[in-house]
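Side chains included, hydrogens not; waters and symmetry mates left out as well; all remaining heavy atoms used. From a predicted model like this one, the values you see are computed outputs, not experimental measurements.
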Amino acid sequence: EPDLNAYWNTLVGVQLTEQQAAVLDAIAESPSVTIGVLEANTGMDTEELVDVLDVLLLQVLVEQDESNYRLAEHLREKLG
């Protein structure tokens with residue numbers, strides 16, 4: 001299994017927890033996702049996800065549009 005944390009750490013220059021890296025990875029897989037999709041993709045429950053998303057939003061790694069989440073624009077540009 002690839003080291004997601006190392007991948008994101010290199011890309012964003014931020015040290016993430018395993019959970020944060022997993023959520024970021026799940027968000028990166030589509031243009032935008034809801035918490036329901038993230039629950040299915042990560043196996044985390046809503047409460048865990050909200051905590052992780054709050055941190056990712058604070059770090060400006062993720063953008064929120066009502067109930068949809070997507071990678072922040074600077075990350076989308078890096079990933080092409």
Side-chain angles (χ1 to χ4, degrees):
E1 182 171 307
D3 188 345
L4 281 182
N5 203 346
Y7 169 77
W8 286 108
N9 193 21
T10 303
L11 190 72
V12 303
V14 174
Q15 190 63 51
L16 301 172
T17 65
E18 270 180 53
Q19 282 184 317
Q20 290 164 354
V23 170
L24 208 50
D25 208 56
I27 290 173
E29 286 175 11
S30 42
S32 83
V33 293
T34 60
I35 283 191
V37 170
L38 290 173
E39 282 178 358
N41 290 352
T42 64
M44 291 182 215
D45 63 31
T46 304
E47 205 172 308
E48 281 179 299
L49 278 168
V50 168
D51 287 345
V52 171
L53 287 165
D54 281 347
V55 174
L56 296 175
L57 287 163
L58 264 177
Q59 293 178 329
V60 201
L61 300 177
V62 170
E63 296 170 356
Q64 182 178 4
D65 180 21
E66 291 177 18
S67 60
N68 292 292
Y69 295 86
R70 63 176 176 267
L71 283 185
E73 191 174 354
H74 66 101
L75 289 185
R76 294 199 305 270
E77 286 170 2
K78 276 188 185 177
L79 291 172

Shared hydrophobic cluster for Leu57 and Ile27 (ILVMFWY, side-chain gaps under 4.5 Å): yes

Inter- and intrachain pairs under salt bridge (charged side-chain N to carboxylate O under 4.0 Å, His left out), touching residues 67-80, at least two apart: Glu63-Arg70, Glu63-Arg76

Exam field: side chain Gln59 to backbone Leu61, donor-acceptor pair closer than 3.5 Å: no

Spacing of Leu49 atom CG and Tyr69 atom OH [to the nearest 0.5 Å]: 9.0 Å

Distance (rounded to the nearest 0.5 Å) between Ser32 OG and Leu71 CG: 10.5 Å

With sequence neighbours excluded, residues passing side chain to side chain contact (heavy atoms under 4.5 Å, CB included) with Gln19: Thr17, Met44, Glu48, Val52

Closest contact, heavy atoms only, Trp8 versus Ala21: NE1-O, 3.7 Å

Listed partners of Asn68 passing side-chain hydrogen bond (donor to acceptor under 3.5 Å, both in side chains), at least two apart: none

Sub-4.5 Å side-chain heavy-atom contact between Val62 and Val23: no

Under the side-chain hydrogen bond (donor to acceptor under 3.5 Å, both in side chains) test, residues paired with Glu39 that sit two or more places apart: Thr46

Any residue meeting side-chain hydrogen bond (donor to acceptor under 3.5 Å, both in side chains) with Gln15, in chain and number order, not counting sequence neighbours: Asn9

Glu18: partners by side chain to side chain contact (heavy atoms under 4.5 Å, CB included), with sequence neighbours left out: none

Atom of Glu66, atom of Gln64 and distance for their closest heavy-atom approach: O-NE2, 3.0 Å

Rounded distance (nearest 0.5 Å) linking atom CG of Leu11 with atom CG of Leu79: 5.0 Å

Atom pair CG/OH of Leu16 and Tyr7 - distance to nearest 0.5 Å: 12.0 Å

Test item: Leu38 and Thr34 side chains (from C-beta on) under 4.5 Å apart, heavy atoms: no

Flag side-chain contact, heavy atom, 4.5 Å: Leu53 against Ile35: yes

Non-hydrogen atoms of Asn41 and Ala26 that approach each other most closely: CB-CB, 4.1 Å

